[in-house]
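For the numbers below, each heavy atom of this structure counts, side chains included, while hydrogens, waters and symmetry mates do not. Source: prediction; values computed, not measured. Note on naming: letters A, B, ... go to the chains in the order of the sequence lines (proteins, then strands), and numbering restarts at 1 for each one.
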2 protein chains.
Amino acid sequence: MKNLEEKAEKFNYSDLNERSREILLGIVEGYFGTASPVGSKFIAENSKLNLSSASIRNIMALLEEAGYIFQPHFSAGRIPTAKGYKFYVDSLMKTEKISLKEKENIEIRLSSSNRDLNGILNQVSILLSDLSHYAGVVLAPDMSEANLLHIEFIRIKEKNILAIIVFANGITENKSFYITKDIKQNELTRYSNKLNEIIERKNCSLDDLKEIITEEMHSDKEIFSSILNKEIFSSIGNVSGYRDYEHYDNCLYVGPEGDLIEEPEFSNNEQIKFLIKTISDKKNIIKLLGHTKNSKTKQIFIGSEEEWSEISGLSLITAPYISEANMLRGSIGIIGPLRMNYSHVIPIIDFVSEFLSGII
Amino acid sequence: MKNLEEKAEKFNYSDLNERSREILLGIVEGYFGTASPVGSKFIAENSKLNLSSASIRNIMALLEEAGYIFQPHFSAGRIPTAKGYKFYVDSLMKTEKISLKEKENIEIRLSSSNRDLNGILNQVSILLSDLSHYAGVVLAPDMSEANLLHIEFIRIKEKNILAIIVFANGITENKSFYITKDIKQNELTRYSNKLNEIIERKNCSLDDLKEIITEEMHSDKEIFSSILNKEIFSSIGNVSGYRDYEHYDNCLYVGPEGDLIEEPEFSNNEQIKFLIKTISDKKNIIKLLGHTKNSKTKQIFIGSEEEWSEISGLSLITAPYISEANMLRGSIGIIGPLRMNYSHVIPIIDFVSEFLSGII
DNA sequence: AATTAGCACTCTGTATGTTTAAGTGCTAAT
DNA sequence: ATTAGCACTTAAACATACAGAGTGCTAATT
């Protein structure tokens, strides 16, 4: 059938014609509804197109040849491929508007008085799960560039110091560490007073502070020539575990996946196990969310054998959140089946990422 | 068969005779190994008892009548009931000793320099999962009775204050809140200096501090008659979310359940869903861990239809951890199948709870 | 009196064959 | 260019047969 191949070759992103688009849309949305393969008869009866099932079949053969849909077995209907979903999301889908009720829900749940970073991000992951009925995930921001408000050192016991770092947005980080020589509390206090004075004067980030101190060391030798600088600052230098993948438990928040396992694609035992393992393996999800954190726009990862195989059979919708004032960057996402309700989930992701950007 | 009933009636905890004990042990351990019902022939061949399968069958009928074992269907072997497991754990089991390698592993992984409570408890939950190959859970302690080391108030913005509370063990809590009238930073500093002076003098807990302030208010009106006391103290009064079940996300840490779903009891789809939902529903687990937190000893919850039905089909082994010095109390646990490797898991729970008691 | 060999019986799981329903691709007619 | 019609393919549902595991009971044995 050379003819078929030739025709199919023309089916790329730019020039799927109106009829093919309509049929692909019918297959994707039909599959969303029933979770089972969509046949030509169904399309013939349910689409605007006034065509017989036989004509639909001809076009379906083309769409299959071009890689947008496939048959699980010979006499079954069609299911969208990753390419098919992608085309749907990019060109066919009409996103719903987020409802006022949902908006209010989000605002109420994220306006708690708690300003602890852990608490907020954890809450967001749960919120995303609740709203989408899939699994919400949140990647914590790297705080090293955020503006500081206050630093405090407290002597816990001999040679053991606790650093409390408060950022301008009210978010705090604690870090305890050991030094080689004991320092009394009042000396620590003098040191932190000095740092706070610099912070107030210069309105700077942790990274900035490091540089400034190196300069000022010369002018105020009494305080800055001690072991304080070297040891303390190398310890508090890497707050917010994100940089080291060793401690990746601290930088990814995963909401409950309870509703997700009820989806029909997870009625098979192997698939449910793959789902659980995929969600448990934070490394992969961090990697994908990392992509988005460093980009500036929403991204959609559709897992297939060829691309994003680490989430093969699953879809991950992500968006970055950015606090301009503090240079904070992180990302949020929702993990669901390929057959995800994209038009509902995407506005949620958009709104939450925007709202989160505002409050951190 | 009146005879059977009469004999079975005598089978209670105290007087299972040697032979019955041996057979029950054989069934429990046989079932541990194969995950499928154990028949009389298997016992006849694998136990010390030199009896024919027919004799074994007679006793099995008694054990069944007494409720220690049951048959999933007429011509199947026997499976222990919850009562059977309980008897095994209480009277038949010989616990293994924890290996030196495991001990070292635990010590290394819990000796990180990070003194953040979240970090430690999260790490423990993961550690328990890793060691047991089931799901580790950790209930956070209620900090209201722990001795204080330091309190600090920082003005974030107008009418918005951040309280940093450092406990004597180096664990910190942060809480941001709003007050009705703005207070300048230097007044806040004076106030916290006063509190820290009391803390140093009296070596007290947050609850104690509340009382002391009420007394001292009269002697130092300038500081203590302000709105500081009423508003600030009512805000920092309830640290550590444990008391309010609303925020139960903050007080339970659940380790990865990845290995657990590979157990043969979860090959059925409904069971795997029940497992995921049970583990996701933190409320129930908090309730059970709460039992142990307030008791002083290890506890084993064996979920059946009648008892602990919230974890029906699962087993939860728990132990409290207690820091005598700070009056801190919490509990840890491992969730697994009924057919759990109790003799291996129990020493792990014991060691980890003891070690954790030592470091917090 | 306790134990056991032997046997009929029950139930599950697997293999096998049959039927039904859904859906296709192709050809010939419109 | 479209469609009606048809032969073909496959999965799923159902029925049947059968082997295997394990039981309870009875009669024989120790």
Side-chain angles (χ1 to χ4, degrees), chain A residues 1-8 10 17-20 22-23 26-27 30-31 33-66 68-80 264-265 267-269, chain B residues 1-8 17-20 22-23 26-27 30-31 33-66 68-80 264 267-269:
Chain A
M1 304 294 107
K2 203 167 183 184
N3 198 5
L4 182 69
E5 277 178 38
E6 273 173 27
K7 279 192 183 175
K10 295 201 175 171
N17 61 32
E18 191 50 38
R19 181 174 292 182
S20 324
E22 189 64 35
I23 289 174
I27 292 171
Y31 188 59
T34 63
S36 52
V38 179
S40 55
K41 203 179 156 204
F42 179 90
I43 300 288
E45 287 165 0
N46 290 76
S47 87
K48 293 180 236 165
L49 263 29
N50 259 338
L51 288 174
S52 74
S53 63
S55 306
I56 307 277
R57 281 202 288 282
N58 288 331
I59 300 178
M60 282 165 103
L62 288 177
L63 283 169
E64 178 157 13
E65 185 72 21
Y68 294 99
I69 54 178
F70 77 102
Q71 287 180 288
H73 59 86
F74 181 81
S75 67
R78 266 36 179 239
I79 294 175
E265 23 272 283
S267 57
N268 174 304
N269 207 259
Chain B
M1 301 293 107
K2 203 168 186 183
N3 199 5
L4 182 69
E5 278 181 37
E6 275 172 25
K7 280 192 182 174
N17 62 30
E18 191 50 37
R19 179 173 294 183
S20 325
E22 189 63 36
I23 288 173
I27 292 171
Y31 188 58
T34 63
S36 52
V38 179
S40 56
K41 202 177 156 206
F42 179 90
I43 300 290
E45 285 165 1
N46 291 75
S47 87
K48 294 180 236 168
L49 264 28
N50 260 340
L51 288 174
S52 73
S53 63
S55 307
I56 307 276
R57 280 202 288 282
N58 289 331
I59 298 176
M60 281 166 104
L62 289 177
L63 282 169
E64 178 157 13
E65 185 72 20
Y68 293 99
I69 54 178
F70 76 103
Q71 287 181 288
H73 59 83
F74 181 80
S75 68
R78 262 50 175 229
I79 294 174
S267 57
N268 174 305
N269 205 258

Calculate the interatomic distance between [X] atom [atom1] and [N] atom [atom2]; express it in whole Å.
X	N	atom1	atom2	result
A:Ile56	D:dA1	CD1	P	17 Å
A:Leu62	C:dC26	CG	P	12 Å
A:His73	C:dG25	NE2	C1'	16 Å
B:Phe42	D:dT23	CZ	C1'	18 Å
B:Ile23	D:dT23	CD1	P	11 Å
A:Lys41	D:dA4	NZ	P	13 Å
B:Ile69	D:dG22	CD1	P	14 Å
B:Asn50	D:dT30	CG	C1'	16 Å

First of B:Phe74 and B:Ala54 reached from the 5' end of DNA chain C, by closest nucleotide: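 Here B:Ala54 is the residue nearer the 5' end.
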Sugar-phosphate only, base, or nothing, as touched by B:Ser40 at under 4.0 Å among non-hydrogen atoms: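 Sugar-phosphate, backbone atoms only, no base.
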Counting side-chain heavy atoms from CB outward, which of [options] is closest to [X]?
X	options	result
B:Ala61	C:dT4, D:dG24, D:dA11	D:dG24
B:Leu51	C:dT12, C:dT4, C:dT10	C:dT4
B:Arg78	D:dT3, D:dT2, D:dG24	D:dG24
B:Ser75	D:dT9, D:dT23, C:dT10	C:dT10

Test item: B:Lys41 and B:Glu45 side chains (from C-beta on) under 4.5 Å apart, heavy atoms: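 Yes, close enough: below the 4.5 Å cut-off.
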Complementary nucleotide for C:dA29 - Watson-Crick or wobble, under 3.5 Å: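 By the stated definition (distances under 3.5 Å), D:dT2 pairs with C:dA29.
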Between B:Asn17 and B:Ser20: side-chain donor-acceptor atoms closer than 3.5 Å: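 Yes, a side-chain donor-acceptor pair sits under 3.5 Å.
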Test item: A:Thr34 side-chain N/O and A:Gly30 main-chain N/O as donor-acceptor pair under 3.5 Å: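 At least one qualifying donor-acceptor pair exists.
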Polar pair under 3.5 Å, donor/acceptor by atom type, side chain A:Ser52, base D:dT3: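 Answer is no: no donor-acceptor pair is held.
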Euclidean distance, B:Ile23 CD1 relative to B:Ile43 CD1, rounded to 0.5 Å: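 Here the interatomic distance stands at 7.0 Å.
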Gap separating the CZ atom of B:Arg19 from the CG atom of B:Leu62, nearest 0.5 angstrom: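 Here the interatomic distance stands at 11.0 Å.
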Contact under 4.0 Å: A:Ser55 side-chain N or O vs D:dA1 OP1/OP2: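 So the side-chain polar atoms of A:Ser55 never come under 4.0 Å of the phosphate oxygens OP1 or OP2 of D:dA1.
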Under-4.0 Å side-chain N/O to phosphate OP1/OP2 contact, A:Arg57 with D:dT2: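 So the side chain of A:Arg57 is outside the cut-off, no N or O lying under 4.0 Å from OP1 or OP2 of D:dT2.
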